[in-house]
Visitor: 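This is the structure, below, for whatever I ask next.
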Amino acid sequence: MTVRVRFAPSPTGYLHVGGGRTALYNWLFARHLGGVFVLRSDDTDTERNTPEYQTDILDSLTWLGIDWDEGIGAGGPHGSYRQSDRSARYRQVAESLVASGAAYYDGATPTQIEAIRVEAEAAGASPVYDGRHRLSAAEAAARIAAGNPPPVRLAVPRPGETRFVDVVRGEIVFSHDNVDDFVMLRSDGSPTYHLASTVDDVDYLITHVIRGEDILPSTPKHILITEVMGGVRPEYAHLSLLNGPDGKKLSKRHGDTAIRAYRDAGFLPGAVRNFLAILGWSPGDDEEIVSLETMIERFDLGAVSRNPAVFDIAKLEWMNGHYLRAMPAAEFVAAALPIVESDLGRTLTVAESEAFGAVAPLVQERAKRLTEITPQVRFLVEEEIAYDPASWDKVMTTIEAGAALDGAAAALESLDVWSVTSVEAALRGMLEQTGLSAGKGLQPIRVAV
RNA sequence: GCCCCCAUCGUCCAGCGGCCUCGGACGCCGGCCUUUCAAGCCGGAAACACGGGUUCGAAUCCCGUUGGGGGCACCA
């Protein structure tokens, strides 16, 4: 049987680095096994969805080098792969589950739900709704006829439990005492996430659901729906979440969380992809710079770490620098030139491009990000030279600065020919005379120049 | 309050009962190289959360404690 996985983001924000990692793991898993990677859009939240986010998610995945075999924009046998186009199907499933007795129309008011919560808390129990206010067929029919349809809830078997073996976490058991009769179909006829997502997984014949740990507690609901639908239960794998340096969930206050922000900050897609792959998974040996081919060849869901991982920007920067240095010179220039031009606000002349090409290998050695290049080459193309007051002060206020400068001036004045070798010889002579070290004596000259 | 997950250096990963006085990477510190800064090379500090078991033997298995994370909507 061919493996089928899916990545199903909601277009309610830019693609998050955590989402990027989830997508990557799904993709690696599929590629490793020769399976099918489906991209679906869980866009049932019409209030928060935007086309801009939808576009960003697609662009970010593509930038990371993740392609999909089926789904949004790629087509496939299951329609548009957008949940917003499938409301009729979700409603149909909900109604058939009501007909079979697996679900019911519910009449609980918010006040009643709240009362149950308070009661449970007082008793030290889980605040679960158990269906005590379900409507009879006649009552439900009356409300539907009156244009005031009730929501549909799943009748969770009580007592009972749902158990499954999570591919990364092992056996997991949830007592139904902690799973409530959740809403599947809202009173306005729209599906909730649990219904839509599960129906899609069943309809699209998904074999492995690989997603964030944040939805681990919802998994029994999804398994229950799958079973009453008569669907085949997929394998589940819940990935640990990404944290900030303080151990808290990675969020804006820790820095950038969107994949696009890293692209804009001058990171290479290969480096980001490598970093994300290694964050929670190891190819086995001690090597951490790993090629795409190796990743695909060795990826193993069962070997994925259960620990929450801290997103360490410093390591990403190191890795990006490594990838930058590993690029062939021409490729580096090709990647850097557009950014330099964009920073400068104009295109470079042929001569300038050539000058840039000549110094590029020098900056390639020391840049950690593509965005660090422009400041280093600006002097090549601008008449006005800006200097950094901080470094000026730091060097020029040293007691050796005056002697170094005077000595250098004298030494250079006496030169007939200015060449690399003659200038160097003159300056070395100056160092000799003044007794200054290379660092103390040459740095002021460098800054002055 | 209730439920679930997690627990090896500051951070990520390796270790899946003896090969461990725990290995690698980033970061940090020191040195070498070097006309700066990087890069590179060499070296160093740095961890099995705690308490009980199981076992001839535990970082590895079990239980508890503590700590951290996630979830408990007609949001996804």
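Keep in mind the model is a prediction, meaning the values are calculated, not measured. All heavy atoms count here, side chains included; hydrogens, waters and symmetry mates do not. The chains referred to below are lettered A, B, ... by the order of the sequence lines, with proteins before strands, and numbering in each begins at 1.
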Visitor: Are any of the side-chain nitrogens in A:Asp203 or A:Arg86 under 4.0 Å away from the carboxylate oxygens of its partner?
Guide: yes
Visitor: Any base atoms under 4.0 Å from A:His194, or only sugar-phosphate, or nothing? Heavy atoms, all strands.
Guide: base
Visitor: Answer yes or no: is there an ion pair linking A:Asp42 with A:Arg40, defined by an N-O contact shorter than 4.0 Å?
Guide: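 Looking at A:Asp42 and A:Arg40, the cut-off is met.
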Visitor: Go ahead and name the base partner of B:G51; Watson-Crick or wobble counts if both distances stay under 3.5 Å, otherwise write none.
Guide: B:C63
Visitor: Looking at A:Arg117 and A:Asp180, is any side-chain nitrogen of the basic one under 4.0 Å from a carboxylate oxygen of the acidic one?
Guide: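 No salt bridge links A:Asp180 with A:Arg117.
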Visitor: Using only side-chain N and O atoms of A:Arg117, determine if any of them is under 4.0 Å from OP1 or OP2 of B:C72.
Guide: no
Visitor: For the residue pair A:Arg21 and A:Tyr25, would you count it as a cation-pi contact if the rule is NZ or CZ under 6.0 angstrom from the ring centre and within 45 degrees of the ring axis?
Guide: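 The answer is yes; both the distance and angle limits are met.
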Visitor: Looking at the base of B:C37, is there any donor atom on it, or on the side chain of A:Arg366, that sits under 3.5 Å from an acceptor on the other one?
Guide: yes
Visitor: Could you check whether A:Asp59 pairs with A:Arg260 (Lys NZ or Arg NE/NH1/NH2 to Asp/Glu carboxylate O, under 4.0 Å)?
Guide: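 No.
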Visitor: Where each residue is assigned the nucleotide of RNA chain B containing its nearest heavy atom, which of A:Arg306 and A:Leu279 is assigned the position nearer the 5′ end?
Guide: A:Arg306
Visitor: When you check the gap from the basic side-chain N to the acidic O, do A:Asp130 and A:Arg158 get nearer than 4.0 Å?
Guide: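 Judged by the 4.0 Å cut-off on N to carboxylate O distance, A:Asp130 and A:Arg158 do not form a salt bridge.
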Visitor: All N/O contacts under 3.5 Å from nucleotides 22-26 of chain B to the protein, with atom names and distances to one decimal?
Guide:
from, atom 1, to, atom 2, distance (Å)
B:G24, O4', A:Asp286, OD2, 3.3
B:G24, O2', A:Asp286, O, 3.3
B:G24, N2, A:Glu288, OE2, 2.8
B:A25, O2', A:Glu288, OE1, 2.8
B:A25, N3, A:Lys315, NZ, 3.1
B:C26, O2', A:Lys315, N, 3.3

Visitor: Kindly indicate whether the side chain of A:Ser126 and the base of B:C72 share any N or O donor-acceptor pair separated by less than 3.5 Å?
Guide: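 No, the side chain and the base share no sub-3.5 Å donor-acceptor pair.
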Visitor: Where the side chain of A:Lys249 is concerned, which of B:G69, B:C4, B:A7 is the nearest nucleotide?
Guide: B:G69
